[in-house]
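Quick note on labels: first sequence line is chain A, next is B, and so on, each numbered from 1.
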Protein chains: 2
Amino acid sequence: MHSGRDDRVRNLCDEIENYIKVVLASAGGTSVEIQRNALADRFGCSPSQINYVLATRFGPDRGYVVESRRGGRGFIRISVVPLDSDGAMDELLAAMEGQSLSQDQAEDIIVRLVEAGVIKVREAAIMRAAIDRRTLGVPLPARDEIRGRMMQAMVAACLRHAREESIEEG
Amino acid sequence: MHSGRDDRVRNLCDEIENYIKVVLASAGGTSVEIQRNALADRFGCSPSQINYVLATRFGPDRGYVVESRRGGRGFIRISVVPLDSDGAMDELLAAMEGQSLSQDQAEDIIVRLVEAGVIKVREAAIMRAAIDRRTLGVPLPARDEIRGRMMQAMVAACLRHAREESIEEG
DNA sequence: AGTAGAAGGTCAAACAAGGTCAATAATGCA
DNA sequence: TGCATTATTGACCTTGTTTGACCTTCTACT
């Protein structure tokens, strides 16, 4: 359910998200600064709409960090956090520790893992199949708890396996 | 005003199913997006009727994937997936249908899949992590039931994906 | 230093979808 | 005809989006 490369924009939210990502990409890909009011103006919406987009599309779970400064010459800086170092993965694992996960949250993680090249598309498909609510078929909140443990276990297995492979190769 | 045609439909359900398939076909055949309320409106039925049609006529078993998004400008996307027809695997899938699986039984299946070259070692590791009794953390017999559905879903995902890859490569 | 104005932040309400479930109706079949 | 399956509906639920009123923090200027 994540934005495929669909050039047709569905709503304001997506439009703004898209715009920010384009700006981000054309600015070298690691970080941009925007003005909240200017952006709101450009899209003819209320400024708080920008906050909504940032909160729902550029959260840490999606691999972004958002910083800001108020007052004159204020700004909002959006940076991308690469997930390719071992450190970041360990962090992710630690963050998942004991956490319940909704299907959407798990999907976010899977997408990030694929984008970071940590897992392959087919592996992602396996994970998705495994954590799907219909597959689990257990009522909430137990379902999200199980899913949390599954994601943790599967990602850990991936890491272990990646390391074993590199040892074998090394 | 009644169509003198042969393709007279029995009921609403079939009518809607038909309509969606026509739209699908005229949209290039792989994917369409509909609005639940708009469709319900067009057929003068309750919105949940649309869900019923989707559930009974456009399930994965019939080769469709249905995704959706709520909220403003929400939508329902219906996509066609080419269904694979690999004899042995289909047999395995059919055999797993609705079956509870102990961890040992699942392990046997995973080993066979690796030996048969259907899945890679790393993929096997992911599956093992997912279906481990400690990961699931649910008492029997629910645990084995969940595991059964997981194996079924994961293997099916593998098959679907194998097929997609070969199309891309071909 | 004090302060005005320029940012950005928060939150809850209104609104806009789609989802679920169980009761009921209709249909098909032995 | 009576039972089992399949359709249909409506009441209620969950999720996602958009806006506006009000709050906080910062810079620049006097």
Side-chain angles (χ1 to χ4, degrees), chain A residues 1-3 9-20 32-59 61-62 64-79 100-108 132-134 136-141 143-144, chain B residues 8-20 32-59 61-62 64-79:
Chain A
M1 198 166 348
H2 283 262
S3 60
V9 177
R10 312 177 189 292
N11 52 30
L12 231 194
C13 230
D14 291 353
E15 225 171 306
I16 297 172
E17 173 188 8
N18 223 43
Y19 173 80
I20 292 175
V32 268
E33 274 171 29
I34 60 172
Q35 309 282 136
R36 190 178 75 146
N37 288 346
L39 237 199
D41 228 44
R42 160 186 283 257
F43 286 98
C45 64
S46 77
S48 53
Q49 175 72 27
I50 307 302
N51 294 88
Y52 178 73
V53 173
L54 292 176
T56 56
R57 317 287 219 265
F58 294 90
D61 45 325
R62 285 176 145 99
Y64 295 91
V65 170
V66 175
E67 303 153 289
S68 67
R69 192 138 98 208
R70 309 191 192 194
R73 306 248 272 233
F75 61 86
I76 298 177
R77 179 169 38 229
I78 302 157
S79 336
S100 284
L101 288 178
S102 73
Q103 189 164 331
D104 282 350
Q105 289 172 320
E107 171 64 23
D108 282 345
D132 191 287
R133 68 189 124 235
R134 288 161 300 188
L136 296 181
V138 166
L140 291 172
R143 184 168 6 115
D144 285 1
Chain B
R8 188 185 70 226
V9 274
R10 306 180 148 67
N11 51 28
L12 233 192
C13 227
D14 292 350
E15 223 171 309
I16 297 173
E17 173 188 8
N18 224 39
Y19 173 80
I20 292 176
V32 267
E33 273 171 29
I34 61 172
Q35 309 280 137
R36 191 178 72 146
N37 288 347
L39 238 199
D41 228 45
R42 159 186 285 256
F43 287 97
C45 63
S46 77
S48 53
Q49 175 70 22
I50 307 301
N51 294 85
Y52 178 74
V53 174
L54 293 176
T56 56
R57 317 287 218 266
F58 294 90
D61 45 323
R62 287 185 147 106
Y64 296 91
V65 170
V66 175
E67 302 154 289
S68 68
R69 196 147 109 194
R70 310 192 192 195
R73 299 263 198 139
F75 61 87
I76 298 177
R77 179 169 39 228
I78 303 157
S79 337

For [N] and [X] - does any side-chain N or O of the residue sit under 4.0 Å from the phosphate oxygens OP1/OP2?
{"X": "Tyr52(B)", "N": "dT8(D)", "value": "no"}
{"X": "Asn37(A)", "N": "dA7(C)", "value": "no"}
{"X": "Arg69(B)", "N": "dG19(C)", "value": "no"}
{"X": "Arg57(B)", "N": "dA7(D)", "value": "yes"}

Determine whether a donor-acceptor pair (N or O, by modelled atom type, separation under 3.5 Å) exists between the side chain of [X] and the backbone of [Y].
{"X": "Arg143(A)", "Y": "Val138(A)", "value": "yes"}
{"X": "Gln35(B)", "Y": "Gly74(B)", "value": "yes"}
{"X": "Ser102(A)", "Y": "Gln105(A)", "value": "yes"}

* **Student check: side-chain heavy atoms of Tyr52(A) and Cys13(A) closer than 4.5 Å** => yes
Output the rounded distance in Å from [atom1] ([X]) to [atom2] ([N]).
{"X": "Phe75(B)", "N": "dG16(D)", "atom1": "CZ", "atom2": "P", "answer": "12 Å"}
{"X": "Leu54(B)", "N": "dA7(D)", "atom1": "CG", "atom2": "C1'", "answer": "14 Å"}
{"X": "Asp14(A)", "N": "dT17(D)", "atom1": "CG", "atom2": "P", "answer": "7 Å"}
{"X": "Glu17(B)", "N": "dA7(D)", "atom1": "CD", "atom2": "C1'", "answer": "13 Å"}
{"X": "Ile76(B)", "N": "dT15(D)", "atom1": "CD1", "atom2": "P", "answer": "17 Å"}
{"X": "Asn51(A)", "N": "dA12(C)", "atom1": "CG", "atom2": "C1'", "answer": "15 Å"}
{"X": "Asp104(A)", "N": "dG18(C)", "atom1": "CG", "atom2": "P", "answer": "16 Å"}
{"X": "Gln103(A)", "N": "dT15(D)", "atom1": "CD", "atom2": "P", "answer": "12 Å"}

N/O donor-acceptor pair, side chain [X] with base [N], under 3.5 angstrom:
{"X": "Arg36(A)", "N": "dG9(C)", "result": "yes"}
{"X": "Arg70(A)", "N": "dG9(C)", "result": "no"}
{"X": "Ser48(A)", "N": "dG8(C)", "result": "no"}

* Classify the nucleic acid contact of Gly74(B) as base, sugar-phosphate or nothing, counting any heavy atom under 4.0 Å across all strands shown. => sugar-phosphate
* To do: Starting from the 5' end of DNA chain D, give me the residue, Gln49(A) or Arg73(A), whose nearest nucleotide shows up first.
  => Gln49(A)
* Structure fact -> Of Pro47(B) and Gly72(B), the one whose nearest nucleotide on DNA chain D sits closer to the 5' end is Pro47(B)
* Nucleotide nearest Leu12(B) when distance is taken to its side chain, options dT17(D), dT8(D), dG20(D) -> dT8(D)
* Asked: Any Lys/Arg nitrogen of Arg73(B) or Asp14(A) sitting under 4.0 Å from an Asp/Glu carboxylate oxygen of the other?
  -> no
